[in-house]
Undergrad: 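Next up is a structure, given as structure tokens.
Note that this is a predicted model, so its numbers are computed, not measured. Just so you know, these numbers use all the heavy atoms, side chains as well, and skip hydrogens, waters and symmetry mates.
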Amino acid sequence: MKRCMLYSTFSGVFLLLCASPTFSYGDFRSSSSRRFSRKLRQDTTSPYLVQLKAGNGASDVNTLCTQLAAAGTSCTYKYSSVLMGFAAELTSDQYTAMVADTKVQEVYADTTVTHQQVSSPTTSPTASTATNTATPAATPATTTTSSTATSATPEASTAATATPEASTAATASPEAATAATTTASPAADTTSTIPSVGTVANSSAASNTTANSTVANHPTVLTTQQSADWDLDILDQPSLPLDGKYEYTNNGAGVNVYVLDTGIRKTHTQFLYDPSLNIPGTRALHGWSAIGDSSNSDDCLGHGTHVSGSIGGLTYGVAKNATLWAVRVIDCDGSAQSSAVIAGLDWLAQNYKLPAVASMSLGSDSPNQALDDAVTAIINLGITAVIAAGNYNQDACQLSPARLPAGITVAASDKTDTRWTSSNYGSCVDLYAPGVAVLSAMDTSDTATMTASGTSMACPHVSGVAALYLQSNPTAQPNEVASTIVETAVTGQIHSAQESLGTPNKFLQTYLDTAPTLTISPDALDPVVLFAGASFASAAASTQTITLANTGDSSVQFNVSATPTGLFGGWITVAPTTGSVAAGQSVSLVLTFDITQNTFQTVLQAAVLITTSGRPAAKSMTASAYVFCAGLQNALPGATHSTSISFPLVQDTRPITADWPALADTNGSWVYFDAQIQFSHPVGTLATSALEINDGQGVIEALNNTGANGDLCGGFTIRARVPFSPWDTLQTTVGLTVQGAEVTDVYGIAFPTYTNTSTLDHRPVGQMFSPYMPYSGQQGLVTNDQNVVLLLVFSEPVNGLTASSFSISGPSGATVSGLKLLRGTNTYYHFTVNLPGTYYDAVTVNLQGTVRDTAGKVNLAVSPLSFTRVAYPLLSGTSYEVIKSPGLLTLT
């Protein structure tokens with residue numbers, strides 16, 4: 001089946017272009033199938049991401065890229081793991097062709113991705129090499145202090161992102177920052193100049209197993225780093241003032257942190273192994289580069305080196321023995337396209353080693369579903385994704401991939417526990433971490449440092465803490481890593497945290513191994529099902545219990561609240577709301593659900609917040625009450641899901657009812673019908689996209705929920721129409737299919753696909769013709785005859801047709817005679833209209849009576865036939881042939 005699109009040219013002419021499933025991207029075919037070959041222009045292009053539908057493979061990607069190549073367009077990247085597709089610069093014609101291709105799921109704009117850093121002038125490096133002793137850890141390498149980053153306005157941070165040269169002198173002029181230092185040669189990495197996702201260059205990431213087994217599970221003793229910078233110092237204590245120390249037991253050994261960024265200066269002294277391990281070489285390794293230049297995965301901006309230093313630097317890092325993989329997806333100017341980031345994620349999906357963390361101090365300038373899908377794909381592989389919230393002082397839910405709920409999205413705060421004014425916020429943020437005036441490694445020499453600010457700086461601190469946790473829990477899934485980090489974060493510490501805008505007031509901590517003093521069960525609340533019955537007032541209240549068990553050796557105080565999140569309040573209470581749990585004891589919290597004051601079926605939800613003086617400091621849960629029709633009392637999640645469809649109305653005339661919606665298009669003939677759909681389980685909403693009529697040939701005019709007092713009774717009605725073609729068939733079958741995979745109940749369980757049909761036996765349809773009458777452009781059908789022969793053709797045999805069934809408008813005294821069936825037919829009637837000899841004017845012939853088919857059904861109205869009798873003789877020698885095919889009834 002061809003897909004067509006209508007275009008308007010500058011001259012006002014409309015052009016219809018159609019594409020078949022085997023569309024060639026080097027030419028078009030018009031709707032009349034007349035081919036004109038035209039190579040697609042490459043003068044104006046835009047970057048796009050093309051995602052193929054499920055079921056397509058790498059060969060399909062190659063086919064499309066080959067077709068584009070024939071038109072002079074090359075695919076920038078090809079993807080086969082995180083999604084199936086490719087990136088390319090497309091002309092508008094190529095974009096249209098891609099959208100029309102049946103293999104293609106979606107064509108996305110290839111949005112711009114930038115790092116999330118606002119830098120301060122860099123410091124001059126020293127030749128000192130940071131070292132750690134067993135206890136205490138080594139002090140930071142000696143550096144001269146760089147000026148601290150000021151809290152930039154969102155405009156300033158945006159400008160810095162858009163124009164990296166203006167944001168950091170170190171980036172713009174590394175020579176000036178390191179005039180007295182000779183930069184060491186970068187590690188000898190092999191590279192391919194054209195990125196090819198899935199090709200490993202000089203990488204040992206050949207299987208999804210733990211790397212660096214020689215240092216994994218290194219004895220974890222308490223290590224203290226004296227004179228630690230504030231961003232490390234603040235991670236091991238829940239409140240100010242700072243004590244000048246960073247204490248840790250784990251160091252991230254055996255954990256792989258993939259830094260998707262501008263690359264890493266892998267020879268930097270911050271990335272050496274702890275000297276006590278006596279392991280030569282660097283922990284910063286080449287992974288892959290999506291940027292096709294000579295830098296390969298080496299850092300030519302400094303951003304990737306800086307964040308890597310915060311993740312795993314010997315002096316500036318949280319996880320000082322983690323393995324750092326350079327996955328370069330951002331160019332030397334601090335920006336790239338989403339396609340490059342997806343390419344890096346695609347490589348990662350094929351080459352990762354668990355346990356693993358993906359650190360992404362970057363963000364798209366707008367929502368990008370393809371980028372979100374790619375990050376989700378690596379999370380599903382078991383890789384914890386840590387993402388910068390962004391530096392625009394706006395809702396992080398508006399940016400990708402920060403909006404992903406499965407990732408850990410990090411906002412930035414300063415050394416006074418105050419939100420950085422440019423940090424993004426909102427419900428998509430998971431927690432705050434140090435992100436202002438952070439000192440870390442720089443790419444301009446093996447000992448260079450830089451102070452920078454941004455959510456780019458906050459993100460790697462969380463990546464480092466994730467590595468600490470994975471060292472002790474190498475099989476932990478990303479959701480466990482995320483929940484542990486969030487639940488062990490200190491609550492209520494950040495000033496101006498934007499809590500009113502949904503931002504959680506949580507700040508990162510490194511004490512992940514501390515056993516909680518309270519066990520709260522269940523971990524999540526199951527929905528409570530309430531049945532309204534005939535009266536809400538008669539509905540019984542229901543309860544649910546949450547248990548607080550104190551596993552510690554001292555009493556723990558608690559406070560509990562249950563706050564409805566929808567329009568309705570007063571339906572949930574909790575008791576007790578405050579109290580204490582003695583050591584070794586437990587307390588039950590009882591939630592009571594009461595719907596007697598409600599008036600219709602719905603889904604009710606409330607936020608339950610438990611705060612404690614122990615660990616966890618806080619836990620939030622969602623309480624849900626499903627208020628169903630009484631008829632669905634047995635519709636439990638495990639019960640069999642079914643669908644029924646009935647057809648109370650199927651007819652070939654439009655119902656004369658006030659509630660049938662008016663048609664915007666009244667052209668054509670239709671069969672109209674009502675259908676009733678009943679689901680076995682409550683369905684809140686049913687989209688028309690989940691319904692199909694006669695393989696897509698039908699039109700749904702209305703879809704309504706039939707639930708009394710609400711929308712959770714599982715019943716729906718539709719009003720629809722399908723094409724009516726009585727000349728081709730005496731019956732029309734109306735088929736309605738509910739696509740089960742697109743319909744889920746309130747428990748999230750899908751229904752099976754179900755189809756039911758009904759058959760309409762058509763009423764007879766007739767049409768009058770004038771086979772022996774010419775056509776005049778001004779007067780329509782014309783004749784000079786006094787006795788005019790006409791035909792009346794029906795779609796099926798009829799009874800009850802007589803000469804008196806006709807009436808004639810115009811001449812007085814006109815009659816009908818000679819009504820009979822044409823020889824060899826049973827539906828073609830021949831009759832003569834007898835006109836007065838002196839009448840020369842308009843004549844209209846009407847079928848005023850009714851006839852019935854053999855089943856007794858009355859005919860549909862027959863359109864009148866009009867002609868004009870003229871006073872001059874007609875041209876001779878003209879013949880008019882009746883084509884006796886009901887489907888092609890016409891005159892030639």
Side-chain angles (χ1 to χ4, degrees), residues 1-112 194-197 290 337-343 346 364 366-374 400 689 695-697:
M1 180 176 180
K2 292 184 178 181
R3 299 183 178 185
C4 301
M5 298 192 73
L6 191 64
Y7 295 90
S8 175
T9 67
F10 289 109
S11 61
V13 177
F14 288 92
L15 179 64
L16 184 67
L17 298 179
C18 298
S20 68
T22 55
F23 194 91
S24 171
Y25 298 100
D27 59 70
F28 285 108
R29 291 172 175 81
S30 69
S31 58
S32 62
S33 298
R34 182 180 60 199
R35 178 172 180 170
F36 61 97
S37 180
R38 178 169 63 88
K39 186 174 182 180
L40 297 182
R41 297 190 304 271
Q42 301 296 317
D43 50 349
T44 302
T45 62
S46 297
Y48 289 99
L49 295 162
V50 180
Q51 185 171 3
L52 303 192
K53 294 178 181 177
N56 290 286
S59 61
D60 299 293
V61 173
N62 290 332
T63 298
L64 293 178
C65 286
T66 299
Q67 292 175 348
L68 284 171
T73 298
S74 61
C75 290
T76 313
Y77 303 102
K78 297 179 183 179
Y79 313 120
S80 60
S81 295
V82 293
L83 56 84
M84 191 62 63
F86 58 88
E89 291 269 349
L90 303 179
T91 66
S92 59
D93 288 343
Q94 290 171 327
Y95 169 82
T96 301
M98 285 295 171
V99 171
D101 197 289
T102 57
K103 296 186 183 72
V104 175
Q105 176 70 36
E106 191 68 63
V107 180
Y108 300 100
D110 190 1
T111 54
T112 300
I194 299 177
S196 175
V197 178
Q337 299 301 121
S338 296
S339 56
V341 180
I342 297 173
D346 204 67
S364 175
S366 60
N368 185 305
Q369 190 59 50
L371 179 57
D372 291 343
D373 291 346
S400 294
S689 60
D695 296 324
Q697 299 303 308

Undergrad: Check whether any side-chain heavy atom of L68 lies under 4.5 Å from a side-chain heavy atom of M98, and answer yes or no.
TA: yes
Undergrad: Hey, could you give me the CD/CG distance between Q67 and D101, rounded to the nearest 0.5 Å?
TA: 7.0 Å
Undergrad: Between A370 and L83, which heavy-atom pair has the shortest distance, and what is it?
TA: O-CD2, 3.8 Å
Undergrad: Can you tell if the side chain of L52 reaches within under 4.5 Å of the side chain of L64, non-hydrogen atoms only?
TA: yes
Undergrad: Between S339 and D110, which heavy-atom pair has the shortest distance, and what is it?
TA: OG-OD2, 2.6 Å
Undergrad: Please find the pair of heavy atoms, one from Y77 and one from A340, that lie closest to each other, and give the distance.
TA: OH-CB, 3.6 Å
Undergrad: Taking S338 for its side chain and T111 for its backbone only, find out whether a donor-acceptor pair lies under 3.5 Å.
TA: yes
Undergrad: Calculate, to the nearest 0.5 Å, the distance between atoms NZ and CG belonging to K53 and D60 respectively.
TA: 12.0 Å
Undergrad: How long is the straight-line distance from CD1 of I342 back to OH of Y108, given to the nearest 0.5 Å?
TA: 9.5 Å
Undergrad: Step by step, would you call V104 with Q51 a side-chain contact (heavy atoms from CB on, under 4.5 Å)?
TA: CA-CA 6 Å; V104 175; Q51 185 171 3; over 6 Å; no
Undergrad: Considering all heavy atoms of both residues, which atom of Q94 and which atom of A71 are nearest to each other, and what is their separation?
TA: NE2-CB, 3.8 Å
Undergrad: Just how far is it from atom OG1 of T96 to atom CG of L90, taken to the nearest 0.5 Å?
TA: 10.0 Å
Undergrad: Taking all heavy atoms of S364 and all of L371, pick out the closest pair and write down the distance.
TA: CB-CD2, 4.1 Å
Undergrad: For a side chain to side chain donor-acceptor pair (under 3.5 Å) with E89, tell me which candidate from T73, T45, T76 qualifies.
TA: T45
Undergrad: Which heavy-atom pair separates D346 from K78 by the least distance, and what is that distance?
TA: OD2-O, 4.2 Å
